[in-house]
Amino acid sequence: MIKAIHTKVKGRARYKVNQLYGSLLLERYLERSLGNNPEIIYVSANSLTSNILVIFTNKHSFQTIGLLLETTLRKFQEKSSLTPTESWLNNQRLVINDANQENTDNWHLMTADRVIDRLNSAKISGLSSESAIANLSKYGRNVLTAIPTRSPSNILIDQFKSLPVALLVGAAGIAMITGGIIDAVVIMGVVGLNAFIGYTTESQSAKIIQSLQSQEQILTWVIRDSQQVEIPTENVVIGDILLLKSGSYIAADARLMEADNLIVDESPLTGESIPITKTTAPVSGENIPLADRLNMVYQGTFVTGGQGLAVVVATGRFTEMGKIQQLVNQSTATDTPLERQLDQVGNQLVLLGMGICSFVFGLGVLRGYGLLTMMQSSISLAVAAVPEGLPTIATTTLALGIREMRKNNVLVRSLRAVEALGSVQTICLDKTGTITENKMLVVEIRTTTQQITVEEENLNPYSNDELLKLIHISVLCNESEVTLQDNGEYAVTGSPTENALIYLAISAGVDVIALRQKYELLETNLRSENRNLMSTIHRIDNDHKLIAVKGNPGEMINLCQWWMKNGQVVPLTAEDRRVIEMENHRLAAKALRVLGVAYSYVDHGNSDNYETNLIWLGLVGMTDPIRMGVKQLIGDFHQAGIETVMVTGDQSSTAYAIAQELELSQDSQLEILDATHLESLTPDELTAVSDKVNVFARISPSNKLQIVQALQAAGKVVAMTGDGINDAPALKAAQVGVAMGKGGTDVAREVADIVLEDDRLETMIIAVSRGRTIYNNIRKSVHFLLSTNLSEIMVMTTATAAGLGEPLNAIQLLWLNLISDIFPGLSLAMEAPEPDVLSQPPRNPHEPIIKNSDLGRIVFESGTISVSTLAAYIYAILRYGTGSRSSTVACMTLTTAQLLHTISCRSENHSIFSQDRLPNNTYLNTAIIGSLIIQLLALAMPPLRNLLKITSISFVDSAVIVGGALLPFLVNETTKIGDETAKSKLEGF
């Protein structure tokens, strides 16, 4: 269908083409073809929203342009050679809305009768079966477009998208051409190992998170052919009449026609923690927020009380939930600091390797070495310059972090997420369902004689007449259904507010089922638009009835003439009323939802004005409780140097009270920004104030995305937590999106980087610790790889420049990198966390993984290893001359020295001579011993010896090799003592 909408001025029209969605080819064809028409000034098509904006001359009407658009679509169909079954344009008709008609997105501005007429439906009979089938064919099924996920092939391809890997593949190709088959096999073996580890880890994590998605089919009650029928939610169509009942899931966006005390929980969409009471009257005004469209209900929300009828106005991806999902697809994920740093280091090493290879190749040719020999040596040096173990070590270290997270019920979607959490500087916490439990709980009661904090006191209502009566009335004036299960536990079904009152009674030892049986319910009078209280009438005996009332304290106090005090009913004076009003304000100031409770007795014959002359019992304050452990978690984040920001759809007063309770600000000053002020800020202004604000209130889904992007623009590494679809865009845009596994929505889990399987937010601090440890360990591994590989380059370059021949041949260099790089480097990645890892501030994301100060240390360490190796090589030349014997001594010395250097890389400052010992690393011990054994086996086994072109060695040679390996190790460790002493003195100063 082609629809023209938003035709506010002549010469400008926006058309909607449903079939344009997702078709980039059609998008480009329409822009090109329509743009060639002289009557069209400008055209822009969007395959994401299915919109086409056309600006044209005043000589033509928008109907004419619409017909031209339809003709262009048919030409595209013909050129594409579509078969009749593929023809998405068949049976489509052009629908042009007059500019004076209402915008079809503004259903909340229309009367209910007009909406029904516009949709060709009927309030009593609903759609006919034939109309429902036609609408299903026209608009499609009521399902959201699946969020694109990475396919297995894309995950595998991503493992090869780096310049160092490309260089290694290129080196393998050149080696193959020049006859170095074994060299090529060894190089590609390392590349393949890295790809296998990364692919396996990421694909398994994706499968785990995918399995969390709900597979249960949801059914919806609708009216069709004058009958109430239950159909699969995906078959709900525009024009269907929804039957809304307490506890039901709302299947689509709909305009209310009837609302009988209808209360809807919209927190998954708007973030509002308190359910909304709905009405049917049209609203007025422009740009009315979703939360204020009281005559509309939306897909993905839930009915918590009352009942109603609504006509469906949007399904699937055209619902508000579908629009948010399109917003999710528009936001892009950013690289983590470690990814950027490793890419930078890898690219720099590639350039360094190419330069050194060219230098050595040219120098060797000038000295008379053969072209093929120098080509092979240059390839080997290229491999030496690029630490091929680096991608494998980084991937494996992150994979180990994922495994550790899994033990703590934290599911990680990608390898980058673990490291990114360790670099997080600001964490945005969604309140409803993340900080809080998204359920109501009674926390304070104020009777006429007592002030009771429910959490702190053992509630015994039988010691106080007013308290017992208040609890009884709260149970009777209540719509929640209560059943006793076989295990003796109560099952309570109803709205969160009324459930909280039932649970209060149960915890106080009241038998709620027996109480309701004793006082038979005769009549229920629900809240209405102008009446914020509820009353129920119960039979006491044949002559008397009990009136139970609860509701807004401000309204109820005017209906009360008495109050119960010390078990006696006494008159309620003006001073008493002022005391009650003050208590009501005190509880409200603590961001509690406050209900007043009262009762009275009437005769059976008295049916009028039963809600007057009431007896006041007290106030009940309830809240959406903060999850256990969250306050301690906030303190842990602050200790780790991480700023905490709360983002919520709640009112400012509620948000402020919770932020104070959590001690959200690291200083005493809390800064709060309401969405009404946020809308007036420019992006630059929002960026400037974003890192000063602790609480963002009344926030919409797009606002959350703005906040995350503003913090990122301010240079922050941002994590975002959330559970609803309203959080999804921000979850995707943040460097780390964290979703809830049990209470969260499928959309939130789909776009998040990390899923908390048991919804325990405090497990995030474990991830932060793991992320920081991973970064530190990868940094140690990079330091090790750079220093050892640089020593190889120094040895080869110096020997070639000095005319000493080749200390190591091509296959020996490849063998050396396999034996002394990968496994020792991996063992460094398994170092235990440092004790103060969570007492340090997050590192600067712009800080390079190898700082300038590190380069001097790396050059020094590489120099000591190179000098010692060259000394051993010169000894062998003097004794045996150039050849395999001298090459063997050089190879064994360099290999052993590099393995011992692994120990030096465990700490930047801590030496083996220090009094404090580092924690034992069994992986490192195993890697060093195992690598030495493999190297000795190469000497002992003829096939390996022949492959590497090495020979057996004498006892004196062995002593030279051991001495040549130990000397740089001792020198490097000894220099740490001076560094450590200087650092201690500086800290003491």
Determine whether the side chains of [X] and [Y] contain a donor N or O and an acceptor N or O closer than 3.5 Å.
{"X": "Ser480", "Y": "Asn499", "value": "yes"}
{"X": "Thr319", "Y": "Gln299", "value": "yes"}
{"X": "Asn584", "Y": "Glu581", "value": "no"}

**Member of Val645, Thr644, Val708 meeting the side chain to side chain contact (heavy atoms under 4.5 Å, CB included) criterion with Thr426** = Val645
Check: [X] side chain, [Y] main-chain N or O, donor-acceptor pair, under 3.5 Å:
{"X": "Asn106", "Y": "Leu109", "answer": "no"}
{"X": "Arg516", "Y": "Leu521", "answer": "no"}
{"X": "Arg627", "Y": "Thr436", "answer": "yes"}
{"X": "Arg539", "Y": "Leu522", "answer": "no"}
{"X": "Thr721", "Y": "Asp430", "answer": "yes"}
{"X": "Thr280", "Y": "Leu256", "answer": "no"}

**Prompt:** Are Glu466 and Lys469 close enough, and set up right, to give a salt bridge (Lys or Arg N to Asp or Glu O under 4.0 Å), and what steps lead you there?
**Reply:** CA-CA 5 Å; Glu466 292 92 351; Lys469 196 72 174 179; over 6 Å; no
What pair of heavy atoms forms the shortest contact from [X] to [Y], and how long is it?
{"X": "Thr497", "Y": "Arg593", "result": "OG1-NH1, 2.6 Å"}
{"X": "Ala598", "Y": "Ile473", "result": "O-CG2, 3.5 Å"}
{"X": "Ala310", "Y": "Val297", "result": "CB-CG2, 4.2 Å"}
{"X": "Glu671", "Y": "Val693", "result": "O-CG1, 3.7 Å"}
{"X": "Asp576", "Y": "Pro571", "result": "OD2-O, 3.8 Å"}

**Fill in**
The reported gap from CZ in Arg446 to CG in Leu470 (rounded to nearest 0.5 angstrom) is 12.0 Å
**Trace of the side-chain contact (heavy atoms from CB on, under 4.5 Å) decision for Thr447 with Leu617** = CA-CA 6 Å; Thr447 67; Leu617 289 172; over 6 Å; no
